[in-house]
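Values below: every heavy atom of this structure, side chains too, minus hydrogens, waters and symmetry copies. The sequence lines fix the lettering, A, B, ..., with proteins before strands; numbering per chain opens at 1. Worth saying up front: this structure is predicted, and the values here are computed from it rather than measured.
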Amino acid sequence: MICAVKLPAPPLTPKLACSSVLPTSEGIVKRAFPALAMAAAMLILLTHRGIAQEELFERLTIHGYLNQAYAWSTQTPILGITKTPRFDYRVLGLQTRYALTEDDEFVVQVRHRQFGNNLLTDLEDDIKLSWAYYAHRFGPIQLKAGRTPVSVGLYNETRFVGTLLPFFRAPVNVYPEGVETIDGVTLTYTSPTVNGWSLQTSVDGGNSAIDDVLQTPTGPVPTRLNIHMVYGGQIRLMTPLQGLGFGFDLHRFDVKNTDGKGIRNRLATFSLDANSRWASIRAEYSAFDLGIIDLDWPAAYVQAGFHFTPAISLNAQYDYSIQKPKITGPEVPMHDRAIGARYAFNPNLVMKYEWHRATGYLMDVYLPPNQPEGRTSYSILSLAVSF
Amino acid sequence: MLRTLLKYLIVFGLSLTITTATAQTQSTTSFIVITHATTPVNSVTRSTLSDLFLKRLRTWSNSRVVVVPVNQARRSQIREVFTRTIHRTTVAEIETYWQQQIFSGRNTPPFVKNSDTAIVEFVRTNPGAIGYVRVGTPLGHDVKVLTII
């Protein structure tokens, strides 16, 4: 999330401890180590214990999702979408779980994504390790260790799982490239329902990295921001009114600047989620205090859905973000308004069409903040599958 | 032209009748909740039962025995009736709940068995197991019925 910053001129703040290239092959091997270790452990375990085939099928579960789109923009390219309509717009995830006991399991999830001509997805490995962790349950508490997903807001872990979303992806101004996983530990607690109330909480700590592409006057620059410590937690409260819930989460990210000094950054998010048979409303507000580049970055969205039948719904969404320099410099706003139709053949197969109108400065070309903002419309026709 | 229209109307009327009849059949399908005989409870509330099948409760009360719920097939009538009665929502909504759990790394859905006999057999052979079957299904030994209070 941090490196998605559209830097006001002068373009690059020297304090920003981003490397100018994406990971080297050595780095990739290092980051893929947990998955390789886990695969080896599973292999040893299976061979050693001589698990029968029937038992293996009960212990091993495989899930996946595909979110495939056909997308085009009318003016300025945005989010990898160009004026030339394109099919190379997709996200695919594959998750494997192996349960050692009722309380212990290994989980690996890999992801492939391509967002049109987005430079970041061009540079990413075709298959990228998303999660690789060991989980153990102590009654209602679950401990995960390894590369684990981080709960931020309503959508952080499922931001591209099309069958769960009213649009192709989670609102992009609140969910830009960000901390989706940490290499560390996560604890979650789920309470039973008492008088209609239930609670889900999580705390996490570890390190992470954010890859993104900065648009600069000289062209797009891929960057990596290493976060040496991220920690925080989330609380989600479900009320006795079926479908009504609230959430709050707070995370702190420590990033080392070029002097090796740790700079504190904070992200707080509030969420509201209300669902009924006929309608749904979701809203989130996130406040990002980016100490590393002296920037405040508030963002919010509101989504409303009308369900004509269990299969057919119409959705509308407004999301925005404003990058506000703390000391001096112009503000960088971005707005996205969308309407869309969704048809669910069943919960695992969904088709969508959506139209967006975007205005602001965060597009796939450099737009100087002292010039008029960019404007474009884009459409996405998508098919989402999960199993 | 009129004849064709009449034909379509008859077909439409027939399908509506069949749909209504099916809905009535569905609403009269009743179930019993069964557990392994060693489970340390004899009755549960609707809300607790819902939590057990959504895996919000991991162990049986006052014990360390892990709850192992087993579900009926997704398209079965009994699953629909159970979901409407106990979870007070639709099967599709529950499927969406499980997708959310799976892809956020939190949990996985219960095992699924395709017949009452298979459910009874699963419950019999797994201490801590809980399932539901049609009223009148032969239960045999090591399986008991839970009362919903």
Notebook entry, point to check: In terms of side-chain heavy atoms, does A:Ser151 have a donor or acceptor partner in B:Arg106 at a distance below 3.5 Å?
Noted result: yes
Notebook entry, point to check: Quick one: what part of A:Gln95 sits under 4.5 Å from any heavy atom of chain B, side chain, backbone, both or neither?
Noted result: side chain
Item checked: Atom pair CD1 (B:Ile94) and CD (B:Glu80), whose distance is rounded to the nearest 0.5 Å -> 12.5 Å
Note to self: Quick check on A:Thr188 against chain B: is it the side chain, the backbone, both or neither that has a heavy atom closer than 4.5 Å?
What the structure shows: neither
Note to self: Checking A:Asp104 against A:His136: is there a side-chain donor and acceptor pair closer than 3.5 Å?
What the structure shows: yes
Note to self: Does any backbone or side-chain atom of B:Arg56 lie under 4.5 Å from a heavy atom of chain A? Answer side chain, backbone, both or neither.
What the structure shows: both
Margin query: So for A:Arg137, is it side chain, backbone, both, or neither that comes closer than 4.5 Å to the heavy atoms of chain B?
Written below: side chain
Item checked: Interchain contact, A:Ser191 with chain B, by part (heavy-atom threshold 4.5 Å) -> backbone
Check: Of the listed residues (A:Thr193, A:Thr158, A:Asn346), which shares the most heavy-atom pairs with chain B below a 4.5 Å separation?
Finding: A:Thr193
Notebook entry, point to check: What part of A:Pro192 is in contact with chain B, defined as an atom under 4.5 angstrom from a non-hydrogen atom: side chain, backbone, both or neither?
Noted result: both
Next item on the list: Report the option among A:Ala344, A:Ser386, A:Ser202 that has the most heavy-atom pairs separated by less than 4.5 Å from atoms of chain B.
Entry: A:Ser386
Check: Does the side chain of B:Thr89 come under 3.5 Å of the side chain of B:His87 through a donor N or O and an acceptor N or O?
Finding: no
Notebook entry, point to check: Do A:Arg236 and A:Ser271 have side-chain N/O donor and acceptor atoms under 3.5 Å apart?
Noted result: yes
Item checked: Proximal component of A:Leu199, with respect to chain B [non-hydrogen, under 4.5 Å] -> neither
Next item on the list: Below 4.5 Å from any heavy atom of chain A, which atoms of B:Arg88 appear? Answer side chain, backbone, both or neither.
Entry: both
Check: Would you call the rings of A:His63 and B:Phe103 parallel, tilted or perpendicular, where under 30° means parallel and over 60° means perpendicular?
Finding: perpendicular
Check: Relative to chain A, which segment of B:Ser104 carries a heavy atom at a distance below 4.5 Å: side chain, backbone, both, or neither?
Finding: both
Next item on the list: Mark yes when over 12 heavy atoms from residues, nucleotides or ligands other than B:Arg46 sit less than 6.0 Å from its CZ; otherwise mark no.
Entry: yes
Item checked: Residue B:Val68 versus chain A: region with a heavy atom under 4.5 Å -> side chain
Margin query: Need one label for A:Asn275: side chain, backbone, both or neither, based on atoms under 4.5 Å from any heavy atom in chain B.
Written below: neither
Item checked: Pick from B:Val66, B:Ile102, B:Thr108 with the largest number of heavy-atom pairs that fall under 4.5 Å of chain A -> B:Ile102
Checklist line | Steps toward ring pair (Phe, Tyr, Trp, His ring centres under 6.0 Å) verdict (A:Phe345, A:Tyr343) | finding: CA-CA 6 Å; A:Phe345 296 92; A:Tyr343 182 79; 4.8 Å; yes
Next item on the list: Anything under 30° is parallel, anything over 60° is perpendicular, the rest tilted; go ahead and classify B:Phe111 against B:Phe122.
Entry: tilted
